[in-house]
Protein chains: 2
Amino acid sequence: MKKKVLYIEDEQFLARIVKETLELKGYEVLHKKDGGRLIDLLQSFSPDICVLDVMLPNIDGYTLGSTIRNIYPQLPVIFLTAKTQTSDILKGFSSGGTDYLKKPFSMEELMVRIENQLKLAAPKEDASIETQEEVALGKYLFSPGRYELQIKGTIIKLSSRESEILSILCKHANKTTDRKKLLYAVWGDDSFFNSRNLDVYIRKLRDYLSQDDGITIITLKGKGYHFTVPGI
Amino acid sequence: MKKKVLYIEDEQFLARIVKETLELKGYEVLHKKDGGRLIDLLQSFSPDICVLDVMLPNIDGYTLGSTIRNIYPQLPVIFLTAKTQTSDILKGFSSGGTDYLKKPFSMEELMVRIENQLKLAAPKEDASIETQEEVALGKYLFSPGRYELQIKGTIIKLSSRESEILSILCKHANKTTDRKKLLYAVWGDDSFFNSRNLDVYIRKLRDYLSQDDGITIITLKGKGYHFTVPGI
DNA sequence: GGGAATTAAGGTTAATTAAGGTTAATGAAT
DNA sequence: ATTCATTAACCTTAATTAACCTTAATTCCC
């Protein structure tokens with residue numbers, strides 16, 4: 001998926017070069033000469049990053065930056081400007097900028113700073129499965145955050161318990177998940193009833209996951225489950 | 001808790017100024033003249049950010065940067081250098097730098113860039129609604145202060161309760177909002193009646209937000225709601 | 001030692017109960 | 001006189017409990 005850059009710049013000549021260079025690098029670029037109807041633009045275009053000139057007709061770049069930061073707390077914003085006074089730079093960062101590049105700059109520097117900002121804004125890797133975006137399970141796509149299991153475009157809605165248990169199994173994909181630990185993780189105890197209860201959920205999950213026979217939840221009696229998933 | 005800066009710089013005079021300025025700003029600074037025993041340093045000092053001069057005796061800054069990036073994928077690294085060639089900058093970013101500052105620089109700029117890197121590295125905070133007058137919710141724009149939800153130019157007026165509940169959901173966007181806490185936050189108790197009452201409001205909000213199917217309020221029975229919003 | 005009896009562990013399906021959803025009616029506050 | 005908030009009555013669905021079934025592992029006996 002192409003990353004989208006919203007680029008606001010009034011100098012036509014520079015704008016053209018930047019836009020073309022970005023497009024050559026594989027970005028989708030929306031260039032505007034001023035910040036009019038910014039909020040609409042953000043919503044319809046939904047950029048991954050904004051590159052703003054500071055000296056603009058009508059509304060200046062800093063104001064636009066603040067607006068963006070206000071509405072999209074996480075969206076990277078790079079300011080471009082000939083203003084080189086320290087106070088301008090400070091203003092840039094306090095207006096929600098995540099980087100500040102002084103004109104004149106080389107195209108390469110802009111490119112690498114854009115890449116860098118996108119990398120920094122990307123979801124942090126070290127997060128546990130709770131915050132994890134999506135996991136590929138064979139032909140399925142599991143989105144713990146959305147409580148969904150997707151296969152060939154059809155979406156299976158999971159309940160919170162189902163999703164919770166599947167998440168735990170995923171954490172031990174192709175290894176064994178201890179039954180007792182699973183029970184404790186989900187219910188906080190390993191009573192007889194919850195043990196039956198777990199059986200019920202395992203059956204449901206097996207059922208949901210039956211469309212890919214590379215995926216199996218193997219029972220290891222007295223131990224737990226071995227969740228086999230191809231290609232993890 | 002003081003943020004810790006690991007600062008590697010061989011120019012004694014500059015180093016002293018930077019160190020003192022940082023300390024004045026409330027940072028804990030460990031200054032070294034070279035990158036010897038870097039790995040030990042990182043582990044014992046466990047800095048929140050590294051500031052590296054590039055031109056160093058023995059091992060150069062880029063090499064140190066790469067080492068850091070390998071071991072600590074998320075740790076911010078700012079390069080400081082008189083090298084101003086584009087190729088040097090590219091090298092800085094490809095060596096795991098998260099920012100690059102050309103010498104000579106103003107202390108203020110260094111300070112603000114350090115702050116900025118720390119902010120970017122910080123675990124993504126939920127947009128604290130209090131300070132925002134507007135939040136983008138997918139195709140919608142929510143203005144808690146005005147009790148308005150806007151979509152494609154049309155304005156949906158929210159009642160105070162509706163707005164209040166939506167604000168709370170926004171605070172936990174893409175995470176789960178505890179039902180009990182929600183009830184307490186809004187009504188101060190979790191009586192049966194208010195619980196039904198909450199259901200009523202959730203239904204209304206689902207209805208208002210139904211025009212963007214990236215937005216969902218998922219019920220987690222026994223827990224609460226998971227408000228999913230794209231791009232937050 | 002090899003195969004039937006025993007038993008513990010888990011599986012299946014259905015019933016129950018608890019949590020929440022929906023819609024409409026009532027009550028409070030402008 | 002409306003608009004918003006609450007209460008009410010009834011509906012739907014997830015989670016749990018229950019009853020009964022199957023399978024793997026021991027044990028027992030010859």
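Keep in mind that what you see is a predicted model, and the values were worked out from it rather than measured.
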Practice problem: Could you say whether B:Arg161 or A:Ser191 is positioned toward the 5' end of DNA chain D, judged by the nucleotide with the nearest heavy atom to each? | Solution: B:Arg161
Quiz prompt | Shortest non-hydrogen contact from A:Leu42 toward A:Pro47 | solution = O-CD, 3.6 Å
Quiz prompt | Lys NZ or Arg CZ of B:Lys157 over B:Tyr147 ring: under 6.0 Å, within 45° | solution = no
Quiz item: Reckon A:Arg203 has a side-chain N or O less than 4.0 Å from the OP1 or OP2 of C:dG10?
Solution: no
Quiz prompt | Axial cation check for A:Phe45 ring with A:Lys4, 6.0 Å and 45° limits | solution = yes
Quiz item: Taking CG from A:Leu205 and P from C:dG11, how many angstroms apart are they, rounded to a whole number?
Solution: 12 Å
Quiz item: Taking atom types as modelled, is there a side-chain donor on B:Thr219 or B:Arg179 under 3.5 Å from an acceptor on the other?
Solution: no
Practice problem: Please work out if B:Ser195 contacts a base, only the sugar-phosphate, or nothing of the nucleic acid, heavy-atom cut-off 4.0 Å. | Solution: nothing
Practice problem: Please state how far atom NZ in B:Lys180 lies from atom P in C:dG20, giving the value in whole angstrom units. | Solution: 10 Å
Self-check item: DNA chain D: 5'-proximal contact among A:Ser160 and A:Phe192 (nearest heavy atom)
Solution: A:Ser160
Quiz item: Just by distance, do the side chain of A:Asp10 and the backbone of A:Lys33 share a donor-acceptor pair under 3.5 Å?
Solution: no
Practice problem: May I have the distance from A:Leu183 (atom CG) to C:dA9 (atom P), rounded to whole angstrom? | Solution: 13 Å
Self-check item: Counter-base of C:dG20, judged by Watson-Crick or G-U geometry with both distances under 3.5 Å
Solution: D:dC11
Quiz item: So, B:Tyr208 and B:Glu162: side-chain donor and acceptor under 3.5 Å apart, yes or no?
Solution: yes
Practice problem: Give me the residues of residues 218-226 of chain B where at least one heavy atom lies under 4.0 Å from an atom of DNA chain C, by number, or none. | Solution: B:Thr219, B:Lys221, B:Gly222, B:Tyr225
Exercise. Round to a whole Å and report the spacing from CG of A:Asn197 to P of C:dT12.
Key: 15 Å
Quiz item: Does anything in residues 44-67 of chain A pair up under salt bridge (charged side-chain N to carboxylate O under 4.0 Å, His left out), and if so which pairs, sequence neighbours excluded?
Solution: A:Asp53-A:Lys103
Quiz item: Looking at the rings of B:Phe79 and B:Phe93, which for Trp means the six-membered one, are their centres under 6.0 Å apart?
Solution: no
Exercise. Check whether the side chains of A:Glu148 and A:Ser143 place a donor and an acceptor atom closer than 3.5 Å, and report yes or no.
Key: no
Quiz prompt | Start and end of chain A contact along DNA chain D [non-hydrogen atoms, under 4.0 Å] | solution = D:dA14 to D:dA24
Exercise. Round to a whole Å and report the spacing from CG of A:Asn194 to P of C:dG10.
Key: 14 Å
Quiz item: Side-chain N or O of B:Arg179 less than 4.0 angstrom from OP1 or OP2 on C:dA19?
Solution: no
Quiz item: Atom CG of B:Asp190 and atom P of C:dG20: how far apart are they, to the nearest Å?
Solution: 10 Å
Quiz item: In whole Å, what is the span from the NZ atom of A:Lys204 to the P atom of C:dA14?
Solution: 13 Å
